Enquirer: 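I am attaching a structure below and will ask some questions about it afterwards.
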Number of protein chains: 2
Amino acid sequence: MARGAGRGGSSGAPRSVDVAQLAGVSQKTVSRVFNNEPYVSADVRRRVLEAAAELGYRLNNAARALASGRTRHIGVVTLGTALYGPASLIMGVERAVRDTGYALRVVNTVEGDPAGIGGAVDSLLDQGVDGIVISEPIDDGQDGVLADRLDVPVLVLGAPPFPAPRALAAGVGADLMAQTATEHLLDLGHQTVHHLAGPQQWYSARDRMEGWRSVLIEKSRAVPPVIEGDWSAASGYAAGRELAAVDDMTAVFAANDDMAIGLVRALTEAGLRVPEDVSVVGFDDIPVAAYVTPPLTTVRQPFDVVAQEGIKRLVHTIENPQADPLPASEPPVDLVVRASTAPPPLQTPRGRGRRTTSRPSGDRHGQSLDGGSSAHD
Amino acid sequence: MARGAGRGGSSGAPRSVDVAQLAGVSQKTVSRVFNNEPYVSADVRRRVLEAAAELGYRLNNAARALASGRTRHIGVVTLGTALYGPASLIMGVERAVRDTGYALRVVNTVEGDPAGIGGAVDSLLDQGVDGIVISEPIDDGQDGVLADRLDVPVLVLGAPPFPAPRALAAGVGADLMAQTATEHLLDLGHQTVHHLAGPQQWYSARDRMEGWRSVLIEKSRAVPPVIEGDWSAASGYAAGRELAAVDDMTAVFAANDDMAIGLVRALTEAGLRVPEDVSVVGFDDIPVAAYVTPPLTTVRQPFDVVAQEGIKRLVHTIENPQADPLPASEPPVDLVVRASTAPPPLQTPRGRGRRTTSRPSGDRHGQSLDGGSSAHD
DNA sequence: TTGAAAGCGCTAACAC
DNA sequence: GTGTTAGCGCTTTCAA
């Protein structure tokens, strides 16, 4: 064949032999230098590097992978949505992966594809990866099937431990964050808190719901029926219309900010003021959360931290197959209190404390400038 | 049968020779089958496929790439933000790439990294890719440097043609969309339209600005000074405080929805009503745009269409190096009219049609305007 | 329509 | 510290 086709212009890209020749060393020595192996004299190393630079040499990864059996690639399975949470997580994963010197291979699960996550994992395995990250998985009932084929370590972000030989889990702090959000509302004096949940196939949606529920139960509060949305503002809006009709509803914890925003709009349109009549807490802290009306109290997810630690543990497992996996740490909880939460209205029956107004609701104090105060600062 | 069958184990995955042996054909024939080459009898093909299935054979991509010089990978350079626009574009790209049978390699440009896009492209080239997608590039002054190293086809999304030997551009309809947004405002009766631009290193920000400007000039309207934001709601908020002080400011076109939302909040806090006093148009149609207060009139970007067509053209160029590149089509313009735009207020000087509120921000221009026109309140 | 031989550019053992 | 010798699993001639 034509030699390293696709690379250099005419006669092919330079190979390590070429570098070796120019530097006056053996090809293996060039390999040593480029793999940072020990036992190379400083002088030789320098000469090799110079020769490589002069030739514009780049290591051929296909050959490297073939010879070593390791691709130095990590594959990530995503849901293929531009939702803030998943997208942020991917960005965090990319950064973390790159820091470790691995390359990232991305595959979306096609919506409505029966193969689902299994299909995506398969295609990753086909391409060849040393490890796999599954981000915010949904439960498509294929856990068992998957486990069989997974002969590489897997990191599952935002889900409980996974039935695979070498599986890690990370970012399972959603329940804790949900608890904090719920407690914040109770601390303000609300009798109980309603929950606008995410789609229940999502582990992260279930986690948040469990966190919410556990607090209510622990504090012996009534547990209102859960309303399930689909993460979208539209579904939050629909939920808001339902909730507006519920008596004594004074606080809602929404499983993400988009739904919270739709919810607030529906409540406002129904004549309920946020936060005077109803308090709302979101989840994610999306960029606009501080600037909607009213600025949204929400829980910020530490995507970067979670991704970074997760990848670090994954790479450790890849490179030390025998060793014990690194332990996971609890991600920090960051409740950002803004203007969408307040004490509940006085004990009058609904329809009463409420003001009629033509203004956009919750046009309140100056907090809006910096977007609110974080529990962590 | 000596090897392979188990595959999970340590002794290695089945190779094409194993399949060949089991099927009773030569290894080359197996290769032919898996590459869909002609000249394989239906019978042999079937036998090979059966043997492969039995062994759980998967083609080794490293070996394939090494031997063929083609990686069947497309690399994408992104900005590493979870901004809705870029994130959506990436998702579209992933989908499109997968449809073509290529794999996706993703690299972010590290923020603040002096190497910028150039560094990201380099690392992609290092990894080995058959083509590169640069999404929403920013101008880091490295065009020239880049061009030298780019020996594979490049698709630039959301930017003008790029100085590289085999470059394609796509999604350059932003100016047209910006024009539509601006015209919408003028059609409503506004004398002119202010512009809250994105960071000017972004080509897409410049495109939108040019679209806006061209309409104003064409219709002989005053061209107000541009305010530059950083895409964030926070910067939109800051811009809003400035704009609230400007006389006769009745319409603003913001270069994205996040900024538009921050802007609306600042205007509202300053006592200006949207859309009664000031109309605002955003850009992107982010998921919450329909649910903020007021629901945002905005321009929807057809990310999927742009990504799909772009990738199709890129792959064509990869696979037909000599042929002319496929032509680009104009993406559709989709103005979504909601409640943030309306005809301008009646012709009274500012300070007058407007309600006084209790907000302190009125202080800023309270003396010169409000004080003098008390008759109106 | 099929097969045999010869690498692709690198890493892995083991010598020196 | 450095070099030698074999492959990794596939695609590519070229021959049959």
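These numbers come from the heavy atoms of this one structure, side chains and all, not from hydrogens, waters or symmetry mates. In the text below, chain A, chain B and the rest are named by the order of the sequence lines, each starting its count at 1. On a predicted model such as this, the values are computed, not experimentally measured, just so you know.
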Enquirer: Answer whether the closest heavy-atom distance between the side chains of A:L168 and A:P153 falls below 4.5 Å.
Expert: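 A:L168 does not reach A:P153 side chain to side chain.
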
Enquirer: Kindly indicate whether the side chain of A:N36, heavy atoms from C-beta on, has any atom under 4.5 Å from the side chain of A:R45.
Expert: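 Answer yes - side chains close enough.
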
Enquirer: Using a cut-off of less than 4.0 Å, is there contact between a side-chain N or O of B:R64 and OP1 or OP2 of D:dC10?
Expert: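 No.
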
Enquirer: Is it the case that atom CD in A:Q21 sees more than 12 heavy atoms from other parts of the structure closer than 6.0 Å?
Expert: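 Counting other residues, nucleotides and ligands, CD of A:Q21 stays at 12 neighbours or fewer.
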
Enquirer: Decide yes or no on salt bridge (Lys or Arg N to Asp or Glu O under 4.0 Å) for B:D43 and B:R47, but give the supporting numbers first.
Expert: CA-CA 6 Å; B:D43 180 53; B:R47 261 171 35 225; 3.2 Å; yes

Enquirer: Let's see if you can work this out: which of D:dT12, C:dG7, C:dC10 has an atom nearest to the side-chain heavy atoms of A:Y57?
Expert: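 Within the option list, the nearest is C:dC10.
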
Enquirer: Please write out each protein N/O paired with an N/O of nucleotides 3-5 of chain D under 3.5 Å, distance rounded to 0.1 Å.
Expert:
unit_1: D:dG3; atom_1: OP2; unit_2: A:S26; atom_2: N; d: 3.0
unit_1: D:dG3; atom_1: OP2; unit_2: A:S26; atom_2: OG; d: 3.0
unit_1: D:dG3; atom_1: OP2; unit_2: A:T29; atom_2: OG1; d: 2.5
unit_1: D:dG3; atom_1: N7; unit_2: A:R32; atom_2: NH1; d: 3.4
unit_1: D:dG3; atom_1: O6; unit_2: A:R32; atom_2: NH2; d: 2.7

Enquirer: Is the shortest side-chain N/O distance from A:S31 to OP1 or OP2 of C:dC10 below 4.0 Å?
Expert: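 For C:dC10, neither OP1 nor OP2 has a side-chain N or O of A:S31 closer than 4.0 Å.
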
Enquirer: Hey, does B:N61 reach any base, or is it just sugar-phosphate, or nothing, if we go heavy atoms under 4.0 Å?
Expert: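 It contacts nothing in the nucleic acid.
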
Enquirer: Let's see if you get this right: which residues in residues 37-46 of chain B place a heavy atom under 4.0 Å from DNA chain C?
Expert: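 Close to the strand are B:Y39, B:V40, B:S41, B:V44.
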
Enquirer: Rounding to a whole Å, what distance do you find between A:N35:CG and D:dT2:C1'?
Expert: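 In whole Å, D:dT2 C1' lies 15 Å from A:N35 CG.
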
Enquirer: Select base, sugar-phosphate, or nothing to describe what A:F34 touches, counting heavy atoms under 4.0 Å on all strands.
Expert: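 It contacts nothing in the nucleic acid.
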
Enquirer: Find the distance B:R58:CZ to D:dC8:P and express it as a whole number of Å.
Expert: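 Between P of D:dC8 and CZ of B:R58: 20 Å.
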
Enquirer: Report the residues that fulfil side chain to side chain donor-acceptor pair (under 3.5 Å) with B:D324, sequence neighbours left out, ordered by chain and then residue number.
Expert: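 Scan of B:D324 (side chain to side chain donor-acceptor pair (under 3.5 Å), adjacent residues dropped) gives none.
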
Enquirer: Do A:V306 and A:P331 come close enough that some side-chain heavy atom pair is under 4.5 Å?
Expert: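 They are in contact (side-chain heavy atoms under 4.5 Å apart), so the answer is yes.
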
